[in-house]
Amino acid sequence: MAEAVIFLGPPGAGKGTQAKRLALELGFRQLSTGDILRSHVARGTELGQQAKPLMEAGKLVPDEIILGLIGQELAEMPDPKVIFDGFPRTLAQAEALDRLLSERQIRLLGVLLVTAPEEELVRRLLGRALEEGRSDDNEHTSPADVEYRQKTQPLVDYYKKTGHLKEINGLGKVDEVYQAIQKALGLRVS
């Protein structure tokens, strides 16, 4: 059966770590819009050619191109089992993704909102910056900043209304958080 899971949450909450583990253990494919864009640009696909000048100019790629790319990725899978990590980012993207999943008869298992207190998020971001050399993670990065909240709150409200939202406390050991995710999705807890 075709299935999907969506991960939401601020930078540093641990959603990427948990999404990778869930994808590996369930045999799902983790879809990152950035990876998809780069792949299509490198392969010179029609949508990749439309996205390339925008990316090179540092502009946001319009929703219709992003959704077209995701639609192509899903169409290439015989029985899609996917995890969306960091997508959708806006209410319009969420509504369009729901339509796409419905058209392709992909069941949404849940939308996981992974959270942690602000102090912990900053501590994790600084640690990640040191470990991975990420310049986008620094002491000025505020996971709870106004822009993040403005973009995320409508998604949280939307998915609460649909009954798909599952809030996950990102504090604790990686295994404990993972077990909470499994339980929220109704999976066997390992």
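Model, not experiment: these values are computed from the prediction. Sequence positions, counted from 1, serve as the residue numbers for this chain.
Between Asp35 and Arg38 there is a salt bridge, with a side-chain nitrogen of the basic residue lying less than 4.0 Å from a carboxylate oxygen of the acidic one.
For Glu64, the CD atom counts as densely surrounded, since its 6.0 Å shell holds more than 12 non-hydrogen atoms of other residues, nucleotides or ligands. No more than 12 heavy atoms of other residues, nucleotides or ligands lie within 6.0 Å of NZ in Lys52, so this atom counts as exposed by the packing criterion.
Judged by distance alone, with hydrogens and angles left aside, the side-chain atoms of Gln49 form a donor-acceptor pair with the main-chain N or O of Gly44 at under 3.5 Å.
Ile66 contributes atom CD1, which lies 7.0 Å from atom CZ of Phe87 (distance to the nearest 0.5 angstrom). Rounded to the nearest 0.5 angstrom, Glu76 CD and Arg29 CZ are separated by 7.5 Å. Gln153 contributes atom CD, which lies 15.5 Å from atom OH of Tyr158 (distance to the nearest 0.5 angstrom).
Residues satisfying the side chain to side chain donor-acceptor pair (under 3.5 Å) criterion with Asp175, sequence neighbours excluded, are Arg21. Under the side chain to side chain donor-acceptor pair (under 3.5 Å) criterion, Glu120 pairs with Arg123, Arg124, sequence neighbours left out. With sequence neighbours left out, the side chain to side chain contact (heavy atoms under 4.5 Å, CB included) criterion links Thr17 to Val174.
Of the candidates Glu25, Gln18, Lys173, Lys183, Glu25 is the only one forming a side chain to side chain donor-acceptor pair (under 3.5 Å) with Tyr178.
His164 places none of its side-chain heavy atoms less than 4.5 Å from the side chain of Asp98. A heavy-atom distance below 4.5 Å is not found between the side chains of Leu22 and Phe28. Side-chain atoms of Leu69 and Glu73, non-hydrogen and from C-beta on, never get closer than 4.5 Å to each other.
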Solution key, residues 89-96 side-chain donor-acceptor pairs under 3.5 Å, sequence neighbours excluded:
{"unit_1": "Arg89", "atom_1": "NE", "unit_2": "Gly86", "atom_2": "O", "d": "3.2"}
{"unit_1": "Thr90", "atom_1": "OG1", "unit_2": "Gln93", "atom_2": "N", "d": "3.1"}
{"unit_1": "Gln93", "atom_1": "OE1", "unit_2": "Arg89", "atom_2": "N", "d": "2.7"}
{"unit_1": "Gln93", "atom_1": "OE1", "unit_2": "Thr90", "atom_2": "N", "d": "3.4"}
{"unit_1": "Gln93", "atom_1": "NE2", "unit_2": "Asp63", "atom_2": "OD1", "d": "2.8"}

Show me, pair by pair, the donor-acceptor contacts under 3.5 angstrom made by side chains of residues 5-15, not counting sequence neighbours?
{"unit_1": "Lys15", "atom_1": "NZ", "unit_2": "Gly9", "atom_2": "O", "d": "2.9"}
{"unit_1": "Lys15", "atom_1": "NZ", "unit_2": "Pro10", "atom_2": "O", "d": "3.4"}

Donor-acceptor pairs are to be reported for all side-chain atoms of residues 100-113 against protein atoms at under 3.5 Å, with residues two or more places apart or in another chain.
{"unit_1": "Arg104", "atom_1": "NH2", "unit_2": "Gly71", "atom_2": "O", "d": "3.3"}
{"unit_1": "Arg107", "atom_1": "NH2", "unit_2": "Glu3", "atom_2": "OE2", "d": "2.9"}

